[in-house]
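One structure is given here, and the rest of the page talks about it.
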Protein chains: 2
Amino acid sequence: MKLYSENRRHLNAVDCIIFGYDILEKEIKLLLIKRSFEPARGLWSLAGGFVKETESLDEAASRILFQLTGLMDVYLEQSYTYGSIDRDPGARVISTAYRALIKITDIDRELSQVSGAHWQSLERLPHLIFDHGVMVERALAELQIQIKVKPVGFELLPEKFTLVQLQDLYEAIYQKDIDKRNFRKKILTMNVLEKLDEKEKETSRKGAFYYRFNRESYETYIKQGFDFSLDVN
Amino acid sequence: MKLYSENRRHLNAVDCIIFGYDILEKEIKLLLIKRSFEPARGLWSLAGGFVKETESLDEAASRILFQLTGLMDVYLEQSYTYGSIDRDPGARVISTAYRALIKITDIDRELSQVSGAHWQSLERLPHLIFDHGVMVERALAELQIQIKVKPVGFELLPEKFTLVQLQDLYEAIYQKDIDKRNFRKKILTMNVLEKLDEKEKETSRKGAFYYRFNRESYETYIKQGFDFSLDVN
DNA sequence: ATTAATAAATGTACCTTTTACACTTAACAA
DNA sequence: TTGTTAAGTGTAAAAGGTACATTTATTAAT
């Protein structure tokens, strides 16, 4: 084992896979940017940046997300660290990917225009630079696992949402159809949804009741070892 | 966004959480080493080392595992990257943890003596340096999740093992008792175990039949979307 | 030869959860 | 008043999970 000083130092980056849900198009979207510097300038990429000596990896990821979206306190979890020698043709860069879930409606549309960021449907992504495509695949797989165990779906929806919208979201994440009655039965027996006295009336004459996620009762259930897994048809 | 060259470089390390299973003591063990350099020389730590410019993270982890154990082609998966600024008091080091599963019997006892490595029971670990305790906790949690979905337990057992031994292993990982008949029913319906014509006779007069993991039928089932989860009492 | 001791091996009934499936209701517009 | 549209609802059958006690094979001791 060598002394610290004898060892080679590396550039470290973070890249953010930023998921959003488009409630109208019923599609998961990713916030992507046009890369502004060489190599690969002008091509689509994840939001990323180098880790500074004054910040942790988590802080770097938060910073990059904030710079792009103006949002703080976003759902953000480490995904995986990519460390192949040649993954970035510009230099050896070790990059830690982070998964972010945001409510599309929270984003200031102007802001993202300025920074050259755009929401792109997961179904038809443009080609991404380097290994960013692999990062997206892994992050999506993690999201699919995560949502079985934790109600992270609510991070992607507005405060008020209908059961139809919630089901559409689950179908988009699983990329599978779900039986309506079974879905409602299961999600309602979890007792983490509050029915509101208000209806969403854009999409039907009858209207659908809004619900709200109750974070407190969720915490209670988690402590009791509650299992949110939703095995879906 | 700055140019590559303007950004600060960091030391990158990998640390290996090496799990083994002691079939006699029915305990999960970790292979730990006495640290040989400052800071924290002489204290217990995970096996780790710096990432070289000529190797990927995965390669660095394999190399460190090989240097310590002499084993190649070991089950090895990335766990998590630890990037707090002050996690290592010697310098800023970003460390990626890897989870390794090895058969204790595969290890050349001499070799580990030379390198100052020792198996320590997970139940009564010594204090570990830096954030290595946290790394262990996370890796164990990952192992507990992993074993529900993939039969990784077989990585920890010798080629031939009895159902009693397999159950003991699951109990050690889950840190929970499991009903014998239900365990056997479930594990046998998975059809990935081959019963051998041979008995283990050390621990009882009657003797227990040896089984062998059939990797081929496992692959077949995985492709069909088989679910190995074993929800246990 | 018989008996005692020990751990391995085995089956079933009950309960819970999951699945499959089609009609009624509310609201508005014509 | 009627037509249209999407929201909302229940039940029966199947599958899977849980709880639980006795028999069997083998060896050592008498």
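Please read these numbers as outputs of a predicted model, since none were measured by experiment.
In this entry the distance linking OH of B:Tyr210 with P of C:dA8 reads 12 Å, nearest Å. If you measure from atom CD1 of A:Ile187 to atom C1' of C:dT18, you get 15 Å, rounded to the nearest angstrom. Atom-to-atom, CD of B:Glu202 to P of C:dT6 comes out at 18 Å; the value is rounded to the nearest Å. Rounded to an integer number of Å, the gap from B:Phe183 CZ to D:dG17 P is 14 Å. One atom, CD of A:Glu200, and another, P of C:dA26, lie 18 Å apart when rounded to the nearest Å. What separates NZ of B:Lys201 from P of C:dA8 is a distance of 12 Å, to the nearest Å. Rounded to whole Å, the distance from CG on B:Leu163 to P on C:dA7 is 17 Å.
Scanning for salt bridge (charged side-chain N to carboxylate O under 4.0 Å, His left out) contacts around A:Glu155 gives A:Arg215, with sequence neighbours left out. Under the rule for a ring-ring contact (aromatic ring centres under 6.0 Å, His included), the partners of B:Phe161 that lie at least two apart in sequence or sit in another chain are B:Phe154. Evaluation of the salt bridge (charged side-chain N to carboxylate O under 4.0 Å, His left out) rule for B:Lys26 yields B:Asp168 as partners, not counting sequence neighbours. Residues satisfying the salt bridge (charged side-chain N to carboxylate O under 4.0 Å, His left out) test with B:Lys199, not counting sequence neighbours, are none. Listed by chain and number, the residues in a salt bridge (charged side-chain N to carboxylate O under 4.0 Å, His left out) with A:Glu194 are A:Arg212 (sequence neighbours excluded).
Within the structure, side chain to side chain donor-acceptor pair (under 3.5 Å) contacts touching residues 120-130 of chain A (residues at least two apart or in different chains) are A:Glu27-A:Ser121, A:Glu27-A:Arg124. Residue pairs satisfying the side chain to side chain donor-acceptor pair (under 3.5 Å) criterion with at least one member in residues 157-166 of chain B, sequence neighbours excluded, are listed as follows: B:Lys160-B:Glu198.
Each of D:dT27, C:dA27, D:dA7 was ranked by its minimum atom distance to the side chain of A:Thr203; first place goes to D:dA7.
Using modelled atom types, one finds a donor on one side chain and an acceptor on the other under 3.5 Å when comparing B:Tyr98 with B:Asp58.
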Between the protein and nucleotides 22-25 of chain D, are there any N/O to N/O pairs under 3.5 Å, and if so, what are the atom names and distances?
| residue | atom | partner | partner atom | Å |
| --- | --- | --- | --- | --- |
| D:dT24 | O2 | B:Lys206 | NZ | 2.9 |

Below 3.5 Å is the cut-off: list the nitrogen or oxygen pairs between protein and nucleotides 9-11 of chain D, distance only.
| residue | atom | partner | partner atom | Å |
| --- | --- | --- | --- | --- |
| D:dT11 | O4 | A:Lys185 | NZ | 3.1 |

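Ion pairing of A:Lys176 with A:Glu171 is absent here, as no side-chain N (NZ or NE/NH1/NH2) approaches a carboxylate O to less than 4.0 Å.
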